[in-house]
Colleague: 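Take this structure, written in structure tokens, and hold onto it; I'll ask about it next.
As the structure is a computational prediction, the values presented were derived from the model and not from experiment. Whatever order the structure lists them in is the order used to number ligands and atoms, beginning at 1.
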Amino acid sequence: MKIHVANHPLLAHKLTVLRDEKTNSPTFRQLTEEIVTLLAYEATREVRTTPVKVKTPVAMADGVELTKPKPVVVPILRAGLGMLEGMVRLMPTAEVGFLGMIRDHETLQPSTYANRLPDDLTGRQCYILDPMLATGGTLIAAINYLLERGATDITAITILAAPEGIALLEKEFAGKNLPITIVTGALDEKLNEKGYIVPGLGDAGDRLYGVV
Ligand code: URA
């Protein structure tokens, strides 16, 4: 498993505003999209392409296009939905599947309540979108779900990550030589007793869409 913590002054600036408790939902949504586009640039560095030729007004040129089958972007509902627009802006021809997962507030264990994904993901590159890698439970369940359906390589894009979540992912997938990459905007300090990332940004779903 590879971990990439993005390091860019523009990203750090946007993350600072995102964390601020005074930032309202419309601004939070806008910033989330912008941050994801920056992270997606890094996360898609190894997206598969096929050589093609294109005719410019002057001459033939060598180019590339995304290899088929196209990559699949998988936002984890609810909060991952706030990341979708920023991702597909960079990769408009990708397909989009959905995975609805919720974690129990007491046990912090995830469960799946909805899925709209192809049964067969053989040979597909998958990009999971989930803003907060906290305990790691939801992401492990989502990655296993995609691996069971044959995904070839899986990149998870998260805005923030906690060391506890990264450690659990490493323990789960260590030594299995699986093609898993985590790209995150920042690695925070720790989790608190309620499973929130510290200093974090609070509940990403609530900050994107309000408390419902
Ligand atoms: N999910 C969130 O929305 N925030 C956290 O801090 C942890 C998990």
Colleague: Is any NZ, NE, NH1 or NH2 atom of the basic residue among Asp153 and Arg48 found under 4.0 Å from an Asp or Glu carboxylate oxygen of the other?
Modeller: yes
Colleague: Can you see which heavy atom on Asp188 is nearest to which on Val198, and at what distance?
Modeller: CB-O, 3.5 Å
Colleague: Do Glu33 and Arg89 meet the salt-bridge criterion of a basic N to acidic O distance under 4.0 Å?
Modeller: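 Salt bridge present between Arg89 and Glu33.
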Colleague: Do Arg124 and Glu95 come close enough that some side-chain heavy atom pair is under 4.5 Å?
Modeller: yes
Colleague: List, ordered by chain and residue number, the protein residues whose closest non-hydrogen atom lies under 4.0 Å from any atom of ligand 1.
Modeller: Arg103, Met132, Ala134, Gly195, Tyr196, Ile197, Gly202, Asp203, Ala204
Colleague: Any side-chain heavy atom of Glu42 within less than 4.5 Å of one from Thr155?
Modeller: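 They are not in contact (no side-chain heavy atoms under 4.5 Å apart), so the answer is no.
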Colleague: Check Arg78 with Asp206, please: is the shortest side-chain N to carboxylate O separation under 4.0 Å?
Modeller: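 Arg78 and Asp206: salt-bridged.
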